[in-house]
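Start at 1 and go down the list; that is how both ligands and their atoms are numbered. Remember, predicted model here, so these are calculated numbers, not experimental data.
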Amino acid sequence: MPASIWDGVSIGSLRLANRAVMPAMGTGYCSMEGEVTERLLAYHKRRAGGAGLIITEVCAVHPLGKCLALELGIYDDSFLPGLERLAETVKAGGSAVAAQIGHAGRETFESLIGAQPVAPSPIPSRTLGQVPRALSGEEIAELVGCHAAAARRAREAGFDAVEIHAAHGYLVNQFLSPYSNRREDGYGRDDAGRFRFAREIVREVRREVGKDFPILFRFSSSEMLAEGYDLDYILPLLVQLEGDGVDAFHVSCGIYDAPGNPTCPGMHHPAGINVERAARVKEAVGVPVIVVGKIHDPRMADEILAAGKADLVAFGRQHLADPLFLRKAAEGRYDDIRFCLSCNQGCLERLMLEFMPATCSINPECGEEWRTEKLKTKNRGPFLVVGAGPAGLQASLTMREAGAEVRVVEREAEPGGQLRACSRPDGKEPYADWVSWAVRRLSSLGTKVELGVEAGEETLLARSWQGVVDATGARPLIPDIPGARSAKCAEAREVLLGERDPGDHVLVVGAGLVGMETADYLIHRGCEVTVVEELEYTPVLPLTSHGHHLHGVLGEKGRLLLGTRVLEVTGRGALLSTAGEEREMEADTVVWAVGSRPEGALREAAERAGVGAKAVGDAVEPRRVLEAVHEAYWAAWELMGSEG
Ligand SMILES: Cc1cc2nc3c(=O)[nH]c(=O)nc-3n(C[C@H](O)[C@H](O)[C@H](O)COP(=O)(O)OP(=O)(O)OC[C@H]3O[C@@H](n4cnc5c(N)ncnc54)[C@H](O)[C@@H]3O)c2cc1C
Ligand SMILES: Cc1cc2nc3c(=O)[nH]c(=O)nc-3n(C[C@H](O)[C@H](O)[C@H](O)COP(=O)(O)O)c2cc1C
Ligand code: SF4
């Protein structure tokens with residue numbers, strides 16, 4: 001019988017109910033002191049009972065080893081009571097639980113830890129740019145001991161296993177790699193030297209926790225950058241580590257400096273990014289192999305297991321997007337699963353770039369379980385929701401799931417709002433899948449989106465609504481310059497939706513997300529594209545996986561002109577000004593992607609009708625799916641008058 005995720009499996013002495021794993025994901029839900037909070041417990045409680053094994057977010061083995069301000073600590077016995085509650089919560093929910101332990105090394109900030117970051121060598125990572133201090137031999141020995149002490153605490157706190165974080169460019173990874181380790185002593189110089197820190201940690205952890213406590217080792221199977229290591233380099237280490245006492249290997253990839261951050265594969269990375277490397281690891285070692293990396297669908301996991309390419313499959317962000325997805329899959333309810341978009345906006349980027357606690361763009365309850373589990377419906381409507389973009393769909397869903405009566409109207413012939421255009425570029429199809437999911441879910445709750453209905457005063461006054469949600473979104477801006485509304489011009493959404501054929505030579509105005517994506521879309525369809533932007537930079541960060549992709553495509557196959565304004569649209573193209581110099585550029589079409597502004601018409605109608613309407617999402621201010629979905633959720637509860 002081919003293996004399936006529903007089969008039991010053993011890691012060392014630990015028996016797991018199935019082969020699904022929730023991997024470590026930093027949340028930012030702990031206290032400033034690194035202690036377990038009610039918020040963190042509620043988040044885990046919601047997820048426990050699905051995956052056979054849940055691995056906690058990384059716990060710092062040393063105060064200088066934190067990479068986030070809000071990172072769990074395991075470097076002192078004072079953390080034990082909180083960690084005990086965490087282990088107990090997950091186990092009571094029906095999953096086994098492992099603690100991930102690690103040290104950030106150079107991947108942190110002096111401003112965060114209050115001291116110069118440490119590393120094998122004084123080489124800054126390109127991404128953070130902080131010059132670290134090289135660790136002395138004594139300090140290395142101390143840090144080996146810190147890992148062992150952390151593992152001992154994990155065991156004392158009631159965890160079933162410990163995972164050593166040696167992936168993603170953190171300290172152990174830094175020692176393993178010739179890219180970051182240029183030491184000339186016994187912890188560098190050659191492969192054996194670079195492997196030594198990891199091997200000493202594993203041996204010390206084993207000595208400290210005894211024989212019957214499983215040790216997992218998470219590593220990057222390729223650093224995914226030209227100067228980094230690959231699988232051939234790291235395979236011999238794995239064989240040695242198995243001998244040193246590792247009970248399972250967890251195959252990830254990438255480091256901070258790898259272009260496009262493949263540690264959290266984005267919309268343009270392949271699904272199952274590590275599967276083939278995991279298969280090679282499995283050939284080399286005798287203990288179970290866990291594979292991770294953009295495997296959101298349990299059916300794909302089953303295929304991987306059936307092909308013998310791994311023994312367990314980790315689903316990371318899918319656990320954020322839909323904590324109950326494994327239960328739904330076990331019941332064959334795949335249509336009910338809210339699949340992760342691989343957008344990274346609500347989770348990784350929020351945590352690492354916005355320095356906010358992680359959540360999920362499309363799951364407004366993620367990280368809020370401690371508050372949402374107390375919500376109770378007081379007012380069951382009827383409510384009117386105007387607009388079926390992400391905000392309107394989420395508001396309706398929240399109300400229907402709480403048992404309220406809802407009417408939801410949309411003026412277009414299709415639901416989705418801007419997501420209809422947003423999902424057109426390659427890789428962004430999951431946004432359209434989310435719309436289908438939301439509409440299906442609403443329908444299963446007995447509510448149909450009324451399409452082709454434009455709400456105005458009449459609709460607002462048609463019933464005595466208990467509340468109205470204004471989810472009418474935003475319309476594109478067209479600049480106030482000569483020719484801007486001529487036949488030569490189109491709006492980005494029209495082009496993406498295929499409502500306008502822009503010809504072969506296209507000038508896209510605006511290098512924000514919409515402009516860059518429109519360029520990407522057109523380049524893939526064979527157009528010659530120039531993007532002009534009046535700022536000296538584009539707000540799309542090349543650091544993110546999506547931004548990296550967009551800059552890559554434009555850099556390779558298109559043209560980006562920064563500091564350039566469009567003065568006028570002419571018969572042949574557009575008159576541009578760069579640093580005071582004017583020139584005409586020929587184009588078949590000039591595509592506007594210069595921002596948007598709230599629709600506003602419903603608000604005015606509501607004022608005329610004397611009806612209160614709660615605006616959410618882009619109707620307040622044009623932003624993202626995350627804000628639309630989250631605001632809609634909380635607005636719905638505000639109208640339903642929750643008893644907290
Ligand atoms: C090309 C493109 C790419 C994008 N990419 C991303 C991305 O990658 N990530 C991200 O987070 N965000 C992205 N966005 C932004 C995101 O799509 C919006 O922030 C989000 O859709 C806003 O949701 P909303 O429900 O508030 O409004 P909208 O999506 O604008 O939906 C409003 C809906 O209300 C309807 N409506 C308006 N008035 C009425 C009325 N009187 N009666 C009935 N119906 C009415 C409209 O027809 C529309 O369907 C992108 C946007 C575009 C255009
Ligand atoms: C918000 C967030 C925080 C993460 N924190 C950690 C972490 O603490 N330790 C770790 O090893 N990996 C961490 N990861 C990486 C995940 O464990 C996982 O490898 C990655 O999300 C890819 O798997 P997925 O495609 O199933 O999400 C994090 C990922 C996310 C999204
Ligand atoms: S924010 Fe995006 S990538 Fe992160 S879990 Fe949610 S849908 Fe997935």
Compute the shortest N/O to N/O distance between [X] and ligand 1 and return yes if it is under 3.5 Å, no if not.
{"X": "Ala455", "result": "yes"}
{"X": "Glu599", "result": "no"}
{"X": "Arg493", "result": "no"}
{"X": "Arg411", "result": "yes"}
{"X": "Ala391", "result": "yes"}
{"X": "Val625", "result": "yes"}
{"X": "Ala619", "result": "no"}

Would you check whether Cys264 has a nitrogen or oxygen atom less than 3.5 angstrom from a nitrogen or oxygen atom of ligand 2?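 It does not: no N or O of Cys264 is found under 3.5 Å from an N or O of ligand 2.
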If you measure every N or O of Gly316 against every N or O of ligand 2, does any of those distances drop under 3.5 Å?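 Yes: some nitrogen or oxygen of Gly316 is under 3.5 Å from one in ligand 2.
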Let me check your reading of the structure: within less than 2.8 Å of atom 6 (Fe) of ligand 3, is there an N/O/S atom from Cys360?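 An N, O or S atom of Cys360 is closer than 2.8 Å to atom 6 (Fe) of ligand 3, so yes.
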Which heavy atom of the protein is the closest neighbour of [atom], given with residue, atom name and distance?
{"atom": "atom 2 (Fe) of ligand 3", "value": "Cys343 SG, 2.4 Å"}
{"atom": "atom 4 (Fe) of ligand 3", "value": "Cys347 SG, 2.4 Å"}
{"atom": "atom 7 (S) of ligand 3", "value": "Leu341 N, 3.2 Å"}
{"atom": "atom 8 (Fe) of ligand 3", "value": "Cys340 SG, 2.4 Å"}
{"atom": "atom 22 (C) of ligand 2", "value": "Thr263 O, 3.5 Å"}
{"atom": "atom 23 (O) of ligand 2", "value": "Val292 CG2, 3.4 Å"}
{"atom": "atom 17 (O) of ligand 2", "value": "Ala24 O, 2.6 Å"}
{"atom": "atom 28 (P) of ligand 1", "value": "Gln418 NE2, 3.6 Å"}
{"atom": "atom 12 (N) of ligand 2", "value": "Arg218 NH1, 2.9 Å"}
{"atom": "atom 3 (S) of ligand 3", "value": "Asn344 N, 3.0 Å"}

Just checking, is any N or O donor in the side chain of [X] or [Y] under 3.5 Å from an acceptor N or O on the other one?
{"X": "Glu368", "Y": "Thr359", "answer": "no"}
{"X": "His296", "Y": "Ser342", "answer": "yes"}
{"X": "His546", "Y": "Gln345", "answer": "no"}

So, 4.0 Å and heavy atoms of [X]: is ligand 1 close enough to count as a contact?
{"X": "Pro390", "value": "yes"}
{"X": "Thr459", "value": "no"}
{"X": "Arg420", "value": "no"}
{"X": "Ala601", "value": "no"}

Side chain, backbone, both or neither: Val58 near ligand 2, heavy atoms under 4.0 Å: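 Answer for Val58: both.
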Taking the six-membered ring for Trp and the full ring for Phe, Tyr or His, determine whether the centres of Tyr256 and His168 are under 6.0 Å apart.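 Between Tyr256 and His168, the centre distance exceeds or equals 6.0 Å.
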Taking only heavy atoms of [X] into account, list the atoms of ligand 3 that are under 4.0 Å away from them.
{"X": "Ser342", "answer": "3 (S), 8 (Fe)"}
{"X": "Arg317", "answer": "3 (S), 5 (S), 8 (Fe)"}
{"X": "Ser361", "answer": "1 (S), 6 (Fe)"}
{"X": "Gly346", "answer": "1 (S)"}

Hey, which atoms in ligand 1 end up nearer than 4.0 Å to a heavy atom of [X]?
{"X": "Leu419", "value": "17 (O)"}
{"X": "Glu517", "value": "3 (C), 5 (N), 8 (O)"}
{"X": "Gly417", "value": "29 (O), 31 (O), 48 (C), 49 (O)"}

Heavy atom to atom 24 (P) of ligand 2, shortest distance: which of Arg317, Glu163, Glu57, Gln100 holds it?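 Among Arg317, Glu163, Glu57, Gln100, the closest heavy atom to atom 24 (P) of ligand 2 comes from Arg317.
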For atom 4 (C) of ligand 2, tell me which residue out of Cys253, Gly26, Gly28, Gly266 has the closest non-hydrogen atom.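 The nearest heavy atom belongs to Gly26.
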Side chain proximity check, Asp520 to Leu554, heavy atoms < 4.5 angstrom: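 The answer is no, as the side chains (C-beta and beyond) never meet within the 4.5 Å cut-off.
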Min side-chain heavy-atom separation Cys489-Trp592 under 4.5 Å: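 Answer yes - side chains close enough.
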Ligand 2 contact by Gln318, heavy-atom criterion under 4.0 angstrom: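 No heavy atom of Gln318 comes that close to ligand 2.
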Flag the pair Arg493 and Glu412 as a salt bridge only when some basic side-chain nitrogen lies within less than 4.0 angstrom of an acidic carboxylate oxygen.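 No, no charged N to carboxylate O under 4.0 Å.
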Taking the six-membered ring of Tyr43 (Phe, Tyr or Trp), confirm whether the NZ or CZ of Arg46 is under 6.0 Å from its centre and within 45° of its axis.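 No; the conditions do not both hold, so Arg46 does not lie above the ring face of Tyr43.
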State whether any protein heavy atom lies less than 4.0 Å from atom 31 (O) of ligand 1.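 There is a protein heavy atom less than 4.0 Å from atom 31 (O) of ligand 1.
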Which atoms of ligand 2 have any heavy atom of Pro23 under 4.0 Å away?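 Near Pro23, meaning under 4.0 Å from one of its heavy atoms, ligand 2 has 17 (O).
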Would you call the rings of His268 and His549 parallel, tilted or perpendicular if under 30° counts as parallel and over 60° as perpendicular?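 His268 vs His549 ring planes: parallel.
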